Amino acid sequence: QVQLVESGGGLVQAGASLRLSCAASGRTFSTYCIGWFRQAPGKEREFVTTISWSRNGGIIYYADSVKGRFTIPRDSAKNTVYLQMNSLKPEDTAVYYCAAARYYYDPPAYYSRTNNYDYWGQGTQVTVSS
């Protein structure tokens, strides 16, 4: 089992930045990728970004909607993956979840699918006001 705990959500104005954290514990050696997803009210959960858990994994992948604004730094020593969100827009308002995938998929686009992730955090709310 892998446990994931998100933190760092909040209310910000459009154009601001926010950094979310995803702390992993448990059997993290069994993790191949850590991804971020988000879900707005009344909408399906959508992919944001993903990164290899191992420094040698070589996978990093972004949804088109966040490319150039969001990044996914990783601190392996702290077992933590971050979501750095810049130039936030009201349409970025959602509950943000981190998730862990146990298996390797090729091409990386397969990591955009929720059913390819095995463990999920509880989510953290991000609200962007206009």
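No experiment lies behind these values; they were computed from the predicted model shown.
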Side-chain donor-acceptor contact under 3.5 Å, Asn86 with Ser17
yes
Indicate whether the side chain of Thr50 and that of Tyr117 have a donor and an acceptor atom separated by less than 3.5 Å.
yes
With side chain to side chain contact (heavy atoms under 4.5 Å, CB included) as the test, would you mind laying out the steps for Leu83 and Leu18 before giving the verdict?
CA-CA 8 Å; Leu83 181 64; Leu18 199 62; over 6 Å; no
Does anything in residues 93-102 form a salt bridge (Lys or Arg N to Asp or Glu O under 4.0 Å)? List the pairs, not counting sequence neighbours.
Arg102-Asp118
Just grab all the salt bridge (Lys or Arg N to Asp or Glu O under 4.0 Å) pairs involving residues 120-130, residues at least two apart or on different chains.
none
First locate atom [atom1] of [X], then atom [atom2] of [Y], and finally report the distance between them rounded to the nearest 0.5 Å.
X	Y	atom1	atom2	answer
Ser129	Gln13	OG	CD	5.0 Å
Asn79	Arg74	CG	CZ	11.5 Å
Gln1	Tyr119	CD	OH	5.0 Å
Leu11	Thr127	CG	OG1	6.0 Å
Tyr103	Cys33	OH	SG	14.0 Å

Does [X] reach the side chain of [Y], with side-chain heavy atoms less than 4.5 Å apart?
X	Y	result
Leu20	Thr124	yes
Tyr62	Ile60	yes
Val81	Trp36	yes
Pro73	Arg19	no

Can Tyr96 and Glu6 be said to form a side chain to side chain contact (heavy atoms under 4.5 Å, CB included), step by step?
CA-CA 8 Å; Tyr96 283 72; Glu6 303 99 331; over 6 Å; no
Treating Ile, Leu, Val, Met, Phe, Trp and Tyr as nodes and any side-chain heavy-atom pair under 4.5 angstrom as an edge, say whether Phe70 and Ile72 lie in one connected cluster.
yes
Which residues pass the disulfide bond (SG atoms under 2.5 Å apart) test with Cys22, sequence neighbours left out?
Cys98
After noting the C-alpha distance and the side-chain angles of Ile59 and Tyr104, does the key distance pass the side chain to side chain contact (heavy atoms under 4.5 Å, CB included) rule?
CA-CA 10 Å; Ile59 290 175; Tyr104 171 76; 4.1 Å; yes
Please tell me whether Trp120 and Phe37 form a close aromatic pair, meaning their ring centres lie under 6.0 Å apart.
yes
Heavy atoms only: give me the nearest Ile34-Trp53 pair and the separation to one decimal.
CG1-CE3, 3.4 Å
Could you tell me which non-hydrogen atom of Ala24 sits nearest to which non-hydrogen atom of Leu4, and how far apart they are?
CB-CD2, 3.8 Å
Is there any side-chain hydrogen bond (donor to acceptor under 3.5 Å, both in side chains) pair reaching into residues 105-115, and which pairs are they, with sequence neighbours excluded?
none
What residues, two or more places apart in sequence or in another chain, satisfy side-chain contact (heavy atoms from CB on, under 4.5 Å) together with Val128?
Val12, Ala14, Leu88, Pro90, Asp92, Thr93, Val126
Side-chain donor-acceptor pairs of residues 39-49 under 3.5 Å, sequence neighbours excluded:
unit_1	atom_1	unit_2	atom_2	d
Gln39	OE1	Arg45	NE	3.3
Gln39	OE1	Arg45	NH2	3.3
Gln39	NE2	Lys43	O	3.1
Glu46	OE2	Arg38	NE	2.6
Glu46	OE2	Arg38	NH2	3.1
Thr49	OG1	Tyr61	O	2.8

